[in-house]
Novice: 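A single structure is presented below for examination.
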Amino acid sequence: MEQSKTTHFGFKTVLEDDKEKLVRGVFSSVASNYDVMNDVMSMGVHRLWKKHLIEKLDCGMRPNSTEPLNFLDVAGGTGDIAFGLLDHARLNYGDNSSTMTVADINPDMLSEGAKRCLTTPYANSPRINFIEQNGQTMSAIPDNSKDVYTIAFGIRNFTDIQAGLNTAYRVLKPGGIFACLEFSHVDNPALDYFYQAYSFSLLPLMGQLIANDRDSYQYLVESIRKFPDQETFAGMIRKAGFYVPGKGYENLTFGIAAIHIGVKL
Ligand SMILES: C[S@@+](CC[C@H](N)C(=O)[O-])C[C@H]1O[C@@H](n2cnc3c(N)ncnc32)[C@H](O)[C@@H]1O
C-alpha cells in the first residue's frame with residue numbers, strides 16, 4: 001500500500017494533502033484582522049520592510065520604454081505589496097500602464113485585498129486583478145509572462161516550497177526578477193534568545209488577547225522556525241534555475257526577516 005507523505009504544519013507533522021486545508025484555515029481565521037496580526041507579529045516593522053522591498057526593486061516603466069511591466073504578487077493577501085509597487089511606479093516614473101496580478105490561495109484574504117483596492121487609485125481599474133491560485137502551480141499564469149514576481153510572508157506556508165520557486169521561474173520572462181520577503185533566522189545568538197522568547201511566549205498570548213485566536217498565532221510562530229535559513233533558501237532559489245546575485249539575500253533587522261532576490265537569465 002502506498003504511504004501518504006507527511007510534512008510540517010508549524011511543529012506538528014501532518015499529511016501533505018492536509019496542510020493546504022490547515023493553512024487555509026489559519027488565514028481565513030485571521031483575514032478580517034490581518035493587519036493587526038502583521039503588526040503584532042513584527043511589532044509594526046513589517047511596514048518598513050515592505051517599503052524597503054518596494055524601494056529596492058525600484059520598478060516602473062522608464063521614460064524611454066513603451067512596454068508596461070507585468071507584476072505578479074503571489075500570496076498577495078490584502079495587497080500591501082501590490083498597491084505599493086503600483087504606487088512606486090506611478091509616483092516615481094509616471095507609470096500608469098503597468099499591470100498587477102494578485103494571486104492567493106485563500107478567497108477570504110483576496111476579498112479583503114479587493115475591498116482595500118476600492119480605497120486606492122486602482123479601484124475598478126483593469127490594471128489590477130485578484131485571482132485564486134495555489135502558488136505551487138499557478139495554473140492560470142502562462143510561462144514567461146511576468147516581469148516581476150514578488151512574494152511577502154507567503155512562501156513559508158507552502159507545502160512544497162521548491163515547487164513554488166520552480167513555478168516562479170516558469171512564469172517569469174527571461175530577465176524577470178523574483179523577490180521574496182520572508183521571516184528568517186536571526187544572525188546574533190543573544191538577540192535570537194530574546195526573539196525566541198518573545199515569539200514563543202508573547203505572540204500566541206497576544207493572538208489570544210487581540211484576536212481570540214491563539215492557535216493561528218502559534219502556527220505562524222512555529223512556521224517561521226521551520227522555514228529554511230537564509231543560505232539554504234538562497235540555494236533553493238538557485239536550484240529553481242535563478243541567477244542569485246552576490247550572496248542572494250539581505251537581512252532585515254538582524255535577520256528577523258530577509259529579502260531574497262533571483263534573476264531569470
Ligand atoms: C502572512 S500572509 C501575507 C500576505 C501579504 N503578502 C502581506 O505581506 O501582507 C500569507 C498569505 O499566503 C497565502 N498562501 C498560503 N499558502 C499559499 C499558497 N500555497 N499559494 C498561494 N498563497 C498562499 C495565505 O492565504 C495568505 O494570504
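All ligand and atom numbering here is 1-based and tracks the order in the structure.
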Novice: Under the ring pair (Phe, Tyr, Trp, His ring centres under 6.0 Å) rule, collect the residues that match up with Phe71, sequence neighbours excluded.
Specialist: none
Novice: For ligand 1, what are the residues with a heavy-atom contact below 4.0 Å?
Specialist: Val23, Phe27, Tyr34, Asn38, Lys50, Ala75, Gly76, Gly77, Asp104, Ile105, Asn106, Met109, Gln133, Asn134, Gly135, Ala152, Phe153, Gly154, Asn157, Phe158
Novice: Assess, by modelled atom type and distance only, whether the side chains of Asn134 and Thr137 contain a donor and an acceptor separated by less than 3.5 Å.
Specialist: no
Novice: Taking the hydrophobic residues Ile, Leu, Val, Met, Phe, Trp and Tyr, and joining any pair whose side-chain heavy atoms are under 4.5 Å apart, which ones share a cluster with Leu72?
Specialist: Val74, Ile131, Met138, Ile141, Tyr149, Ile151, Ile155, Phe158, Ile161, Leu165, Tyr169, Val171, Leu172, Phe178, Phe227, Phe233, Met236, Ile237, Phe242, Val244
Novice: Would you say the side chains of Ser184 and Gln230 form a donor-acceptor pair under 3.5 Å?
Specialist: yes
Novice: Please determine whether a side-chain nitrogen of the Lys or Arg among Arg47 and Asp80 lies less than 4.0 Å from a carboxylate oxygen of the Asp or Glu.
Specialist: no
Novice: Any chance you could pull the hydrophobic cluster mates of Tyr93, using side-chain heavy atoms under 4.5 angstrom and chaining through other members?
Specialist: none
